[in-house]
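Proteins come first, then strands; the chains are lettered A, B, ... in the order of their sequence lines, and each starts at number 1.
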Protein chains: 2
Amino acid sequence: MTVCGEMATGLSSKQKAAMMMKVLISVLLVLVAVSSSYGKPDKPTPQNQKRVPQTLSRGWGDELIWYQTYEEALYRAQTNNKPLMVIFHLEECPHSQALKNAFASNKEIQKLADEGFILMNLVFETTDKHLYPDGQYVPRILFVDPSFTIRADIIGRYANRLYAYEPTDMKLLLSNMQKAKKLLKTEL
Amino acid sequence: MTVCGEMATGLSSKQKAAMMMKVLISVLLVLVAVSSSYGKPDKPTPQNQKRVPQTLSRGWGDELIWYQTYEEALYRAQTNNKPLMVIFHLEECPHSQALKNAFASNKEIQKLADEGFILMNLVFETTDKHLYPDGQYVPRILFVDPSFTIRADIIGRYANRLYAYEPTDMKLLLSNMQKAKKLLKTEL
């Protein structure tokens, strides 16, 4: 099982100033790699060369609906009573890319994702520790019940990286999506 | 001066469960409107009708680099030593749309935004109260210094909505962008 290193870590507003120097050191290398795939933020494009607009799907399913922020995705999950599927990945990580290709080309997964899930993909970690139960590696896929419970029980086949999937794991991922669709009972 | 009502409010992880019912009641009407412009999340598109991939720019400058999350944008602002420009808007708000058209078609603004700023636009409020110094109306534009100071001093021309701009305010916006480019002195 091969995964990639940590994504950049999001910070809560209180911790931002204090933790930023730490984060800087630990994730600078990752971000240098990310930035080159993230639209060359530092170099203005020459006027005769058009940039391609960045999409929220990032290639994980261009015809699916992707949400921008975790807050909005949670809100949508609750209001639509659908589980949220959060995909953590990096454009420069070959394992992420391979999983993306398998995910995007699998019609069953795309259909179930479209009809049954609130979707988001992230290339930057959130501040919610529940979203990295066993570390901040990529690729990893977490499900969140509309009751806001992280489904830490829905795991892949790798004991050392519980939420990682490989391109050959599409059947398991599909079955895990079906599991996530069985919503937890809430107290309401 | 005419602006639109509140965007949906993001919640901190602690407040999520407790506040969600309140939020539900207060922003449901807004979200019903938003959702219709946000890619029809509930209706699968017929197979013969392709969805257009959603972009991070949402039309505010398709050739600019837009960041997905506030955490990442803050991080980029600091690492690139550039101010962050955060545009709050709603697809269903005509004032937002009018401002977007003026913003996207103004070459000076697009050039300065491209070269001098870290950019993000949001259709859902964050949990950071500093980002709504005088309310959560849209459209509004806030600048954040790379030192993570919200530039509450950089305001438009409307006393009741300090961070709102109208399409006719592009000169003022450009001048405010220039002001934001003059970074605050930090203790380093």
A.B. asks: Just wondering, more than 12 heavy atoms not from B:Lys179 lying within 6.0 Å of its NZ?
C.D. replies: yes
A.B. asks: Minimum heavy-atom separation for A:Arg58 and B:Gln68, please, with both atom names.
C.D. replies: NH1-OE1, 2.8 Å
A.B. asks: Can you tell me how far the CH2 atom of B:Trp66 sits from the CG atom of A:Leu56, to the nearest 0.5 Å?
C.D. replies: 12.5 Å
A.B. asks: Does a side-chain heavy-atom distance below 4.5 Å link A:Gln54 with B:Thr55?
C.D. replies: no
A.B. asks: Please determine whether the number of non-hydrogen atoms from other residues, nucleotides or ligands lying under 6.0 Å from atom CD of A:Gln178 exceeds 12.
C.D. replies: yes
A.B. asks: Nearest 0.5 angstrom please: B:Thr126 OG1 to A:Tyr70 OH, how far?
C.D. replies: 16.0 Å
A.B. asks: Surrounding NZ of B:Lys129 (heavy atoms of other residues, nucleotides or ligands, distance under 6.0 Å), is the total greater than 12?
C.D. replies: no
A.B. asks: With the side chain counted from C-beta on, respond yes when B:Leu122 and A:Thr69 share a heavy-atom pair under 4.5 Å apart, and no when they do not.
C.D. replies: yes
A.B. asks: Give me the atom names and distance for the closest heavy-atom approach of A:Leu64 to B:Arg51.
C.D. replies: CA-NH1, 3.6 Å
A.B. asks: Group every Ile, Leu, Val, Met, Phe, Trp and Tyr by side-chain heavy-atom contacts under 4.5 Å, then state whether A:Leu183 and A:Leu142 land in the same group.
C.D. replies: no
